[in-house]
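For the numbers below, each heavy atom of this structure counts, side chains included, while hydrogens, waters and symmetry mates do not.
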Amino acid sequence: MDLGRLFRRGNQDPAPTDDTNERLHAAFTRLTALTPGEMLLRPPATEADLTAAETHLGRQLPADVRALYLLHNGQHQYTPADPRFAAGLFAGQPLLPLPDLMLNWDQWAGFEAQEDMDEFAASNPEGFVQPKYSTRGWIPLTHDGSGNHIGVDLNPGPAGATGQVITFGADDDAHQVLAPSLTSYLEQVADLIESGAIVPSDDEDDPDWTVNGALAELFQPTGTATA
């Protein structure tokens with residue numbers, strides 16, 4: 001699914017305030033109400049869990065990412081022992097539990113230094129994401145099973161914003177900015193479901209969401225809604 005063409009991707013987003021948690025909670029509640037299927041949400045993470053994760057990553061997570069994990073420490077991940085697919089928060093992909101987030105982040109160690117792999121890397125829109133194959137500032141929130149992620153960018157390009165939601169991974173050269181923040185991303189997914197632009201799957205054996213072709217160009221890449 002080419003999500004980049006659907007989202008308002010500019011870096012205009014309200015600065016974090018005391019109502020960050022309230023806005024995140026509202027976005028999460030609205031999106032889960034619109035998503036069919038079993039979400040298989042895990043119990044909340046603790047402050048100690050988050051502190052341990054931030055120590056491991058060597059950087060602080062954005063306030064709305066922390067707020068989401070304090071609601072639920074990810075969703076069930078498919079395993080042969082428990083072959084259930086969760087109805088994912090991220091347009092079909094489930095949220096990684098913190099241990100899996102750290103494990104996936106660890107697997108990218110060393111790639112940042114391999115500058116020969118940056119040749120085809122780009123940012124969409126231009127300048128928002130560093131034109132790198134990998135950087136340690138990209139924190140994976142999902143994993144598609146093939147080394148690709150939706151995550152938050154803590155080391156953005158000159159036009160980007162810290163905490164913006166991006167795509168990156170083994171098959172992702174043109175890193176797409178999906179939203180200026182996690183909260184904005186969840187809000188926009190809910191908007192797109194309500195408009196019919198994306199259709200969540202209600203098949204527990206096929207959790208991928210689809211784009212409605214008639215509405216696939218609902219949003220321009222620059223972030224301005226079409227007339």
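- Between Ser134 and Trp108, the closest heavy-atom pair is OG-CE3, 3.6 Å.
- Of the possible donor and acceptor atoms, none in the side chain of Asn73 sits under 3.5 Å from a partner among the backbone N and O of Pro44.
- Taking all atoms of both residues into account, the shortest heavy-atom contact from Ala86 to Pro94 is CB-CB, 4.2 Å.
- Here Thr135 contributes atom OG1 and Asn155 contributes atom CG; the two are 5.0 Å apart, rounded to the nearest 0.5 Å.
- Within the 4.5 Å cutoff, the side chain of Asn148 has no heavy atoms near those of the Phe168 side chain.
- Looking at Pro97 and Gln77, their side chains come closer than 4.5 Å, going by heavy atoms from C-beta outward.
- A continuous path of hydrophobic side-chain contacts links Ile193 to Ile150 [ILVMFWY only; heavy atoms under 4.5 Å].
- Taking all atoms of both residues into account, the shortest heavy-atom contact from Ala87 to Gln75 is O-NE2, 3.0 Å.
- Separation of atoms NE2 (His56) and CG (Leu98) is listed at 11.0 Å; rounding is to 0.5 Å.
- Annotation: salt bridge (charged side-chain N to carboxylate O under 4.0 Å, His left out) contacts involving residues 123-151, sequence neighbours excluded, comprise Asp118-Lys132.
- A donor-acceptor distance shorter than 3.5 angstrom exists from the side chain of Asp64 to the backbone of Thr183, with no hydrogens or angles considered.
- Applying the ring pair (Phe, Tyr, Trp, His ring centres under 6.0 Å) test to every pair with at least one member in residues 20-51, sequence neighbours left out, gives these pairs: Phe28-His72.
- Expressed to the nearest 0.5 Å, how far OG1 of Thr167 lies from CD of Gln176 amounts to 5.0 Å.
- The closest donor-acceptor contact from the side chain of Ser184 to the backbone of Ser181 lies at 3.5 Å or more, if one exists at all.
- Judged by distance alone, with hydrogens and angles left aside, the side-chain atoms of Glu194 form no donor-acceptor pair with the main-chain N or O of Asp191 at under 3.5 Å.
- Hydrophobic clustering, with ILVMFWY side chains joined whenever heavy atoms are under 4.5 angstrom apart, keeps Leu101 apart from Leu40.
- Here the two rings, on Tyr133 and Trp138, have centers that are 6.0 Å apart or farther.
- Shown here for Gln188 and Pro180, the closest heavy-atom pair between the two residues is NE2-CD, 4.3 Å.
- In the hydrophobic clustering of this structure, Leu96 does not group with Leu103; members are Ile, Leu, Val, Met, Phe, Trp, Tyr whose side-chain heavy atoms approach within less than 4.5 Å, directly or through other members.
- A continuous path of ILVMFWY side-chain contacts below 4.5 Å connects Leu178 to Leu154, so both sit in one hydrophobic cluster.
- Put simply, the side chain of Asn104 never gets that close to the backbone of Pro140: no donor and acceptor are under 3.5 Å apart.
- With rounding to the nearest 0.5 angstrom, the CG atom of Leu95 is 6.0 Å from the CG atom of Leu89.
- Pairs engaging residues 66-83 under the salt bridge (charged side-chain N to carboxylate O under 4.0 Å, His left out) rule: Glu47-Arg66, Glu54-Arg66, Asp82-Arg84 [sequence neighbours left out].
- In the model, Asp172 has no side-chain atom that pairs as donor or acceptor with a side-chain atom of His149 under 3.5 Å.
- A distance of 5.0 Å separates CG of Leu50 from CG of Leu70, quoted to the nearest 0.5 Å.
- The backbone N or O of Ala26 sits nowhere less than 3.5 Å from a side-chain atom of Thr29 that would complete a donor-acceptor pair.
- Taken from CE in Met102 to CG in Leu57, the straight-line distance is 7.0 Å, to the nearest 0.5 Å.
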